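Index from 1, following the sequence. Only this structure's heavy atoms are used, side chains among them; waters, hydrogens and symmetry mates stay out. Every number for a ligand or one of its atoms is a count from 1 in the order of the listing. Being a predicted model, the structure only gives us computed values, none of them experimental.
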Amino acid sequence: MKALILVDLQNDFCPGGALAVPEGDQVIPLANELQKQFDLVVATQDWHPRDHASFASNHPGRKIGDVIELDGLPQVLWPDHCVQNTPGAELVASLDKTNIARVFQKGTDRCIDSYSGFFDNGHRKATGLGNYLKSKGVTEVYVCGLATDYCVKFTALDAVQLRFKTHLYANASRGVDLKPGDVDRAIEDMKQAGVEVK
Ligand code: VGL
Ligand code: ZN
């Protein structure tokens with residue numbers, strides 16, 4: 001049994017959004033088309049409280065892009081994004097949601113960020129996605145979405161760790177490229193870890 005994981009297809013990650021990923025909106029038609037090949041489709045949703053520790057605005061004197069230490073983990077500081085119950089946090093309107101069996105929210109704890117759809121960045125708490133997929137008999141996952149060099153990457157790496165055969169749809173994903181080359185390096189890291197990139 002295989003499942004499609006749609007990562008963070010939210011307004012704030014599309015052009016015009018708070019943490020816009022270049023060409024982020026271009027993956028939506030592809031994501032809609034890919035869904036037709038799957039019996040099980042799930043989505044992740046970045047879902048932060050307004051006081052989330054990943055927001056530069058919550059660290060006076062710091063700016064967007066700075067890296068701080070948060071509870072022993074390096075943390076990139078981002079613009080305020082995907083704040084719970086705001087339009088920016090909603091899944092993109094043009095995304096076909098009729099086939100999405102469940103949406104797993106992440107980044108809800110103000111003290112720790114969560115790039116992966118499976119665990120927070122410290123692997124302290126699970127979102128339930130892993131157990132859900134296993135309960136459905138899923139052995140193979142296909143990942144696409146936003147952003148290739150953050151949430152897509154860490155979702156795919158955790159999927160490998162959880163022993164799912166893991167595939168990345170690179171053309172249905174886009175990255176931030178905070179540092180030029182980040183997306184290419186992320187794809188290389190995923191390949192190294194055993195992700196099949198298509
Ligand atoms: C993401 C940065 C911060 C992502 C989420 O969805 O890739 N990136 N929060
Ligand atoms: Zn976030």
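Side chains of His167 and Glu140: a donor on one and an acceptor on the other come within 3.5 Å.
Listed by chain and number, the protein N, O or S atoms at a distance under 2.8 Å from the Zn ion (ligand 2) are Asp46 OD2, His48 NE2, His81 NE2.
Considering only heavy atoms from C-beta on, Leu95 comes within 4.5 Å of Leu6 through its side chain. Contact check for Ile5 versus Tyr142: no side-chain heavy atoms found under the 4.5 Å cut-off.
Both Leu19 and Val67 are assigned to one and the same hydrophobic cluster, defined by single-linkage of ILVMFWY side chains at heavy-atom distances under 4.5 Å.
Of all the heavy atoms in Asp8 and Leu146, the pair that sits closest is CB-O, 3.3 Å.
Atom-to-atom distance recorded for Gln192:CD and Ile187:CD1 is 13.0 Å, nearest 0.5 angstrom.
In summary, Lys136 and Asp39 do not engage in a salt bridge, as defined by a charged side-chain N under 4.0 Å from a carboxylate O. Using a cut-off of 4.0 Å between Lys/Arg side-chain N and Asp/Glu carboxylate O, Asp120 and Lys106 are scored as not salt-bridged.
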#### Entry: Intermediate values then yes/no, side-chain hydrogen bond (donor to acceptor under 3.5 Å, both in side chains), Asp158 and Ser116
CA-CA 7 Å; Asp158 278 345; Ser116 160; 2.6 Å; yes

Extract all N/O-N/O pairs under 3.5 Å that connect ligand 1 to the protein, and present each with both atom names and the distance rounded to 0.1 Å.
| residue | atom | partner | partner atom | Å |
| --- | --- | --- | --- | --- |
| ligand 1 | 6 (O) | Asp8 | OD2 | 2.6 |
| ligand 1 | 6 (O) | Leu146 | O | 3.4 |
| ligand 1 | 7 (O) | Ala147 | N | 3.0 |
| ligand 1 | 7 (O) | Cys151 | N | 3.0 |
| ligand 1 | 9 (N) | Asp46 | OD2 | 3.0 |
| ligand 1 | 9 (N) | His81 | NE2 | 3.1 |

